[in-house]
Amino acid sequence: PDSLRRFMDKHYKGKNIVFSVVGDIEFEEVANLIETHYKKFIESSMPEAKQDFSVKVKPKHEIIIVDRETYQAKQYCLIKICNSVSKERFISNLYNRILGGGHSCRLYQKVREENGLAYAVFSFNDQSSYLGYLVIYIDTYAEKLEKANSIISGILKDLAENDITEEELEKAKMQYK
């Protein structure tokens, strides 16, 4: 558990988080969702208290917009973690299993099973020898995205502030046997 806590404290930081949202939702809505549900998590994990939270937009020439009618929203949240050759990669895999790596994980249970807010919700590690990301994915109706983000940010906050349970750790370890 100490190595898991050190890993969480090192990587689950506001400066390492990227959001990508696709679907029937306006930019202002996305910015508001991030500001409302993730601002405290992002700011509380920043090493310098003076850093301001802001939504950054890439230059317009890098944005491709395809306009089609849809009621769905797909969101990716990326958290920069260790690469695939790091000694921490096994710990990052355990955290992923607990967060979103199966039907008994926190994301699936809270967002889909208990609240019925998503068609799909899960996380996975995307790691190369150079860099790594924990990716959180949700596929839902656009009008359910705010409530889902509220729950997801609560799960991340809980993981950042509290230890995982022995049962969660044992289940995650069993998936590697």
Side-chain angles (χ1 to χ4, degrees), residues 1-23 25 30 33-34 36-42 44-45 72-128 131-177:
D2 287 340
S3 58
L4 290 170
R5 171 58 45 215
R6 283 191 303 276
F7 176 84
M8 184 74 182
D9 291 343
K10 180 178 178 182
H11 294 288
Y12 284 53
K13 304 273 186 206
K15 66 181 181 178
N16 293 337
I17 298 176
V18 175
F19 285 89
S20 175
V21 180
V22 177
I25 191 162
V30 173
L33 286 172
I34 294 168
T36 302
H37 299 292
Y38 294 93
K39 180 178 179 178
K40 288 181 182 173
F41 173 73
I42 291 169
S44 69
S45 65
Q72 295 179 336
K74 299 173 188 308
Q75 174 182 289
Y76 293 88
C77 171
L78 286 71
I79 301 173
K80 189 175 178 185
I81 59 171
C82 61
N83 63 30
S84 64
V85 295
S86 168
K87 292 178 182 176
E88 294 179 320
R89 68 187 181 276
F90 301 110
I91 296 168
S92 71
N93 288 332
L94 286 174
Y95 257 107
N96 174 60
R97 295 285 183 186
I98 292 164
L99 176 64
H103 293 285
S104 64
C105 72
R106 290 187 185 194
L107 288 174
Y108 190 88
Q109 287 301 309
K110 295 283 185 192
V111 177
R112 182 178 162 92
E113 292 296 308
E114 292 176 20
N115 291 282
L117 295 173
Y119 306 116
V121 61
F122 55 87
S123 67
F124 60 92
N125 286 346
D126 187 8
Q127 295 167 303
S128 71
L131 57 91
Y133 288 97
L134 170 84
V135 181
I136 300 171
Y137 171 80
I138 183 168
D139 184 359
T140 185
Y141 283 108
E143 70 266 8
K144 294 183 177 185
L145 193 57
E146 181 168 359
K147 173 92 169 141
N149 272 297
S150 177
I151 293 168
I152 292 168
S153 67
I155 293 168
L156 290 173
K157 184 175 188 268
D158 185 56
L159 277 172
E161 294 175 355
N162 301 301
D163 290 333
I164 59 172
T165 67
E166 284 296 322
E167 181 182 356
E168 287 175 315
L169 182 58
E170 288 307 312
K171 281 183 183 179
K173 285 180 179 179
M174 290 299 291
Q175 290 181 348
Y176 284 104
K177 290 185 176 187

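Side chains are part of it too, since the values below use all heavy atoms of this structure and drop only hydrogens, waters and symmetry mates.
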| Which word best sums up how the rings of Y108 and H103 line up, parallel for under 30°, tilted for 30 to 60°, or perpendicular for over 60°? |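 Y108 vs H103 ring planes: perpendicular.
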
Step through the shown structure and confirm whether more than 12 heavy atoms of other residues, nucleotides or ligands are within 6.0 Å of [atom1] on [X].
{"X": "K110", "atom1": "NZ", "value": "no"}
{"X": "E167", "atom1": "CD", "value": "no"}
{"X": "F90", "atom1": "CZ", "value": "no"}

Give, for atom [atom1] of [X] and atom [atom2] of [Y], the distance between the pair rounded to the nearest 0.5 Å.
{"X": "R89", "Y": "S84", "atom1": "CZ", "atom2": "OG", "value": "7.5 Å"}
{"X": "Y119", "Y": "I138", "atom1": "OH", "atom2": "CD1", "value": "11.0 Å"}
{"X": "T165", "Y": "I98", "atom1": "OG1", "atom2": "CD1", "value": "7.0 Å"}
{"X": "N83", "Y": "D126", "atom1": "CG", "atom2": "CG", "value": "12.0 Å"}
{"X": "E113", "Y": "L107", "atom1": "CD", "atom2": "CG", "value": "12.5 Å"}
{"X": "R106", "Y": "I151", "atom1": "CZ", "atom2": "CD1", "value": "14.0 Å"}

| query | Between Y95 and I164, is a side-chain contact (heavy atoms from CB on, under 4.5 Å) present by the stated rule, with each step listed? | reply | CA-CA 9 Å; Y95 257 107; I164 59 172; 4.1 Å; yes

| pair L134-L78: side-chain heavy atoms closer than 4.5 Å | no

| Are any non-hydrogen side-chain atoms of Y133 and I79 less than 4.5 angstrom apart? |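 Not in contact.
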
Donor-acceptor check, side chain of [X] to backbone of [Y], threshold 3.5 angstrom: yes or no?
{"X": "N96", "Y": "S92", "value": "no"}
{"X": "S153", "Y": "N149", "value": "yes"}
{"X": "R112", "Y": "Q109", "value": "no"}
{"X": "S123", "Y": "I136", "value": "no"}
{"X": "Q75", "Y": "L145", "value": "no"}
{"X": "D139", "Y": "V121", "value": "no"}

| Is the Y137 to F124 ring centre distance short of 6.0 Å? | no

| said: Could you walk me through whether N93 and Q127 satisfy the side-chain contact (heavy atoms from CB on, under 4.5 Å) test, starting with their C-alpha distance in whole Å, then the side-chain angles of each, then the deciding distance to 0.1 Å, before giving a yes or no? | reply: CA-CA 10 Å; N93 288 332; Q127 295 167 303; 4.0 Å; yes

| Considering all heavy atoms, the nearest A142-A73 contact | CA-CB, 3.9 Å

| field | Ion pair E168/R97, N-O distance below 4.0 Å | value |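 Result for this pair is no, no salt bridge flagged.
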
